[in-house]
There are 2 protein chains.
Amino acid sequence: MIRPTIKTVAAEAGVSTATVSYVLAGRTKGQGSGISEATATRVHAAANALGYRPNQAARTIRTGKSNLMMLSLTMLSDPWSLSVSKAVGAAVASAGITPMILADTDWRTAIKRQGADVIFIDAADREGDAELLTELARSNHLVVFSETLEPNGFDVIRSVAGTTMAQAMDHLTATHSKVACVAPGNSLRSSTTIRYGAYLDGLKRAGIDFRPDYVAAFEGDELSAYQAAVALLQQPDPPTAIFATSDYAAIAAVHAAQGLRLAVPEDVAVIGIGNTLQGEMMAPSLSSVGPSDFFTRLADFLVDRANDHGKPHRELEFPWRLFLRDSAPAVS
Amino acid sequence: MIRPTIKTVAAEAGVSTATVSYVLAGRTKGQGSGISEATATRVHAAANALGYRPNQAARTIRTGKSNLMMLSLTMLSDPWSLSVSKAVGAAVASAGITPMILADTDWRTAIKRQGADVIFIDAADREGDAELLTELARSNHLVVFSETLEPNGFDVIRSVAGTTMAQAMDHLTATHSKVACVAPGNSLRSSTTIRYGAYLDGLKRAGIDFRPDYVAAFEGDELSAYQAAVALLQQPDPPTAIFATSDYAAIAAVHAAQGLRLAVPEDVAVIGIGNTLQGEMMAPSLSSVGPSDFFTRLADFLVDRANDHGKPHRELEFPWRLFLRDSAPAVS
DNA sequence: ATGAAAGCGCTAACAT
DNA sequence: ATGTTAGCGCTTTCAT
C-alpha cells in the first residue's frame, strides 16, 4: 500500500528526482532539457519495475491543475444527463482529463470541498444560487446550464428555443387538422409551461379548435407515456399528428402507434422536443425541435475551459432548429 | 481567481498558520491544543472575510486522505447504478466524503490517474482484469463487485443467489400450472443463463411441460419488455403466473397486465429478480428474489472502507432471499 | 546532460 | 496558549 515516489524511482535509476520528472513528462533530448536517451530508458525501466504512478495531489498542488472535470448532474436517470456524460467521455479521451459525475449530491456543498479544473452545473435554480455561483466562481471555473442566469464570473450555457416550437406546430397543422399533444401531467395544470403553450398557440394560429381528448398526459416515466399514447390513438376519432413535449414522449408515441399497427408518418406524424441522439437513431428517425450538436459542442467547450483558465467568461447560446426527419418529413 | 491560503488568513488574523490550521480543524480549547475562544473567533472571522476554502490537494498530500469516494458504474442508465448512487449519497452525507461517479469512462485507465480513499468497481470481467486489479490495489483501496473474482489485495462484494430462484419457481408452480417467463432475448439463446435456467428447472421439478409460447423475449429496454408481456398475456390460453428474470421486466409485466385489465395477483402472479426499491414501492408491491439491504449495506461498507485503510481485505456476501409481496403473496 | 534546491498549501510534532 | 518548523510528492528555475 506504500506507493513508490519519484524519489524511489530516482534512487533506483541512479539519477536525481529532477531527471525523473523530466523524463516522465516526456521532456527528453528534443524539448525542454536534453536528457540522454540512455538515462531516459533507465528511468522508464525503473519506473516500470517499481510500478510507479504519479501522485495527482502533489502534481495538482504544484501546477494548480487537477486534470479533473466535474459534472454535476441532478437527474442521473434523465437521458439528457446520459447524453452529457457520453459526449464528455468521448471529448475528454485524448485530453488526459478525468470526468467525474457528481450525482444528486448537492454541488452546493460538494464544490466547496472538492475542486476541479472545470465544473459543469446542470441546474442552479434555487433561491440564492446566483450569488453562490459568483462566490464559488472566485476559486473554480464554473460552467452553468441555465435559461435565466447571466454570466457573472462563470460561463453560461443557454439553449434558445425562440420560435422553433411554433415552426414545428405550423409544420404539423399545415397538413393535419387532428393534432394531439403528449405532455407530462404537471405541465397541463400550469398552462404557463412553454412547450404546452406552443401547442395551444399553434392550434390557435391554424384556426383549429382545442379538443381535450387530444391531450394525453403522462406521469414522467416512459411506460406511462406509452400507455397515454396508446389510449390517445385507440379512441374512435384518433389524431393524425402528435406534438410531444419531449423526445422521450415522442419515442413512446411512435412505439405506441407501431404497436397498434399504425404507420409513422403515414397514419400518424410525430414531432418531439430535444433533438436527442436516441430519437435520431430510431426507425423511423424522429423529427424534433432542439439545439444541434448540443452535447458534442458542450463537451468540447468544457474540455477547452479545462485547459485554459483566464479567458473571459462567456455566454454560449444554442439556438434551436426544427429537424424534419422521417416521423414527420418535409413535404416535397 | 487567486485563492486565499491559510497563510493569508493567518496574516489577516495576526496569528500563525498553525493556529489557523488548528482552529479550522475545530481543535480549540477542548481537544488537541488549547486555542482561546478569542483567537478562534478572530480566525473564523478572517477566514470568512477572505472567503477561505481549504485546498484539498494540499490536504491530501499531507494527510494521505482525499475524502473522495469513486464509483465506477459501467451502465449509468441501469436502475442498479442509480440505486448505488442514491444509497451512497445518503450514507456519505455525514461522513464528509464526496462521492464521484466514473461513468463508462474506463476505470482501467482513470484509476491510474486519479486516486480516492476508496474505489468501487461494478464490473471487472474483462480479460486480465484480475491481475490489473491486484496491481491497482497496491496503491488504491478497491472494492469490486463480482460473482467470480476472489479477494486479492482488494475487497469483493458478491451476491449469492444459491437456491433462492428455485424457491421462487416452486412458489409459483405450487399454485399455478401455467407459468410463463419474461427474459431478455439473448439469455434464451444460451440456455446456460442461470436465471432462465432456474425457470426451466422449476418447470421440470413441478412436472410441467415447457411451452415455447410461454416464453416472452425482450430486447433490453423497458418498452420492449412491456410489449412482450402484452403479447404473452393476449394469447388465447394465457399464463396465470410470470417468472421475470429481472425486476425491470417484472414491473413491465405488471403494468402490461394492468393495461389489459387483468388483476395482479388474482389473474396473474408475478415474481421478479433483483429486489429493487422500485419494485418494492409499486402497487401492487413486487415479489422478488434478491439480496436484502444490498444498496444500503454496500454504501455503509464503502464509507467504512474510506475511513480506515489497513483492515484486512474481505469478501462480503449478500445471500439472496425470496421476498413475497403483493404481486405473488404467500398462501395463508 | 544532469543535479540542487525552492516552494506549492497544508498538518502535526515539538518548542516556547 | 500559540508559534516554529519539517516535511508530503512533485515541478522547475538555476547552477554546474
Side-chain angles (χ1 to χ4, degrees), chain A residues 1-43 46-47 50-67 112-115 139 309, chain B residues 1-44 46-47 50-67 112-115 117 139 309:
Chain A
M1 208 68 172
I2 184 161
R3 289 171 67 145
T5 75
I6 206 173
K7 219 165 163 178
T8 333
V9 178
E12 177 82 7
V15 296
S16 78
T17 60
T19 306
V20 175
S21 178
Y22 278 129
V23 171
L24 265 39
R27 293 55 160 340
T28 25
K29 206 81 190 189
Q31 268 295 355
S33 237
I35 307 284
S36 70
E37 285 297 328
T39 37
T41 336
R42 215 141 35 84
V43 169
L50 294 166
Y52 169 79
R53 306 267 173 236
N55 179 321
Q56 235 330 133
R59 186 172 280 177
T60 299
I61 201 185
R62 193 63 241 264
T63 62
K65 287 213 44 168
S66 61
N67 295 320
K112 292 177 184 165
R113 281 213 291 267
Q114 191 57 27
S139 45
H309 288 221
Chain B
M1 209 68 172
I2 184 163
R3 290 170 66 143
T5 75
I6 206 175
K7 220 165 161 179
T8 333
V9 178
E12 177 82 6
V15 295
S16 78
T17 61
T19 306
V20 175
S21 178
Y22 279 130
V23 171
L24 265 39
R27 296 52 162 342
T28 26
K29 206 82 189 187
Q31 267 294 357
S33 239
I35 308 284
S36 71
E37 284 298 327
T39 37
T41 336
R42 215 143 33 87
V43 169
H44 276 126
L50 294 166
Y52 169 79
R53 305 268 173 237
N55 179 321
Q56 243 314 141
R59 188 173 277 177
T60 299
I61 201 185
R62 191 62 241 265
T63 62
K65 287 212 45 168
S66 61
N67 295 321
K112 293 177 184 164
R113 280 212 292 266
Q114 190 59 22
D117 289 346
S139 45
H309 289 221

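All values below come from the heavy atoms of this structure, side chains included, with hydrogens, waters and symmetry mates left out.
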Q: Please state how far atom CD in A/Gln56 lies from atom P in C/dG9, giving the value in whole angstrom units.
A: 17 Å
Q: Nearest whole angstrom, please: distance from the P of D/dT2 to the CD of B/Glu37.
A: 11 Å
Q: Whole Å only: how far is the CZ atom of A/Arg59 from the C1' atom of D/dT12?
A: 14 Å
Q: Does B/Ser36 put a side-chain nitrogen or oxygen below 4.0 Å from OP1 or OP2 of D/dT2?
A: yes
Q: Checking A/Ser16 now: which residues fulfil side chain to side chain contact (heavy atoms under 4.5 Å, CB included) with it, not counting sequence neighbours?
A: A/Ala18, A/Thr19
Q: Determine: side-chain N/O of B/Thr63 to OP1/OP2 of C/dC10, distance under 4.0 Å, yes or no.
A: no
Q: So does A/Ser139 get a backbone contact from the side chain of B/Arg53, meaning a donor-acceptor N/O pair under 3.5 Å?
A: no
Q: May I have the distance from B/Arg42 (atom CZ) to D/dA1 (atom P), rounded to whole angstrom?
A: 14 Å
Q: Side chain to side chain contact (heavy atoms under 4.5 Å, CB included) with A/Thr60: which residues, sequence neighbours excluded?
A: A/Gln56, A/Ser66, B/Ala57
Q: Select one nucleotide: of C/dA1, D/dG9, D/dT2, the one nearest the side-chain heavy atoms of A/Asn55.
A: D/dG9
Q: Are any side-chain N or O atoms of B/Arg59 and backbone N or O atoms of B/Pro54, one a donor and one an acceptor, separated by less than 3.5 Å?
A: no
Q: Side-chain contact, heavy-atom cut-off 4.5 Å: B/Leu24 with B/His44?
A: yes
Q: With B/Thr41, which residues qualify under side chain to side chain contact (heavy atoms under 4.5 Å, CB included), at least two apart?
A: none
Q: Do B/Ile6 and B/Tyr52 have side chains that approach each other closer than 4.5 Å (heavy atoms only, starting at C-beta)?
A: yes
Q: Produce the list of close N/O pairs, under 3.5 Å, pairing protein atoms with atoms of nucleotides 4-7 of chain D; give distances to one decimal.
A:
from	atom 1	to	atom 2	distance (Å)
D/dG7	N2	B/Arg62	NE	3.2
D/dG7	N2	B/Arg62	NH1	3.0

Q: Name all residues meeting the side chain to side chain contact (heavy atoms under 4.5 Å, CB included) criterion together with A/Thr39; count only those two or more places apart in sequence or in a different chain, and write none if there are none.
A: A/Val15, A/Ile35, A/Ser36, A/Arg42
Q: So what does A/Thr39 touch, heavy atoms closer than 4.0 Å: a base, only the sugar-phosphate, or nothing?
A: sugar-phosphate
Q: From CG of B/Asn67 over to C1' of C/dC10, roughly how many Å is that when rounded to an integer?
A: 13 Å
Q: Among residues at least two apart in sequence or on other chains, which ones pass side chain to side chain donor-acceptor pair (under 3.5 Å) with A/Thr8?
A: A/Thr5
Q: Where along residues 4-14 of chain A does a heavy atom fall under 4.0 Å from DNA chain D?
A: A/Thr5, A/Ile6
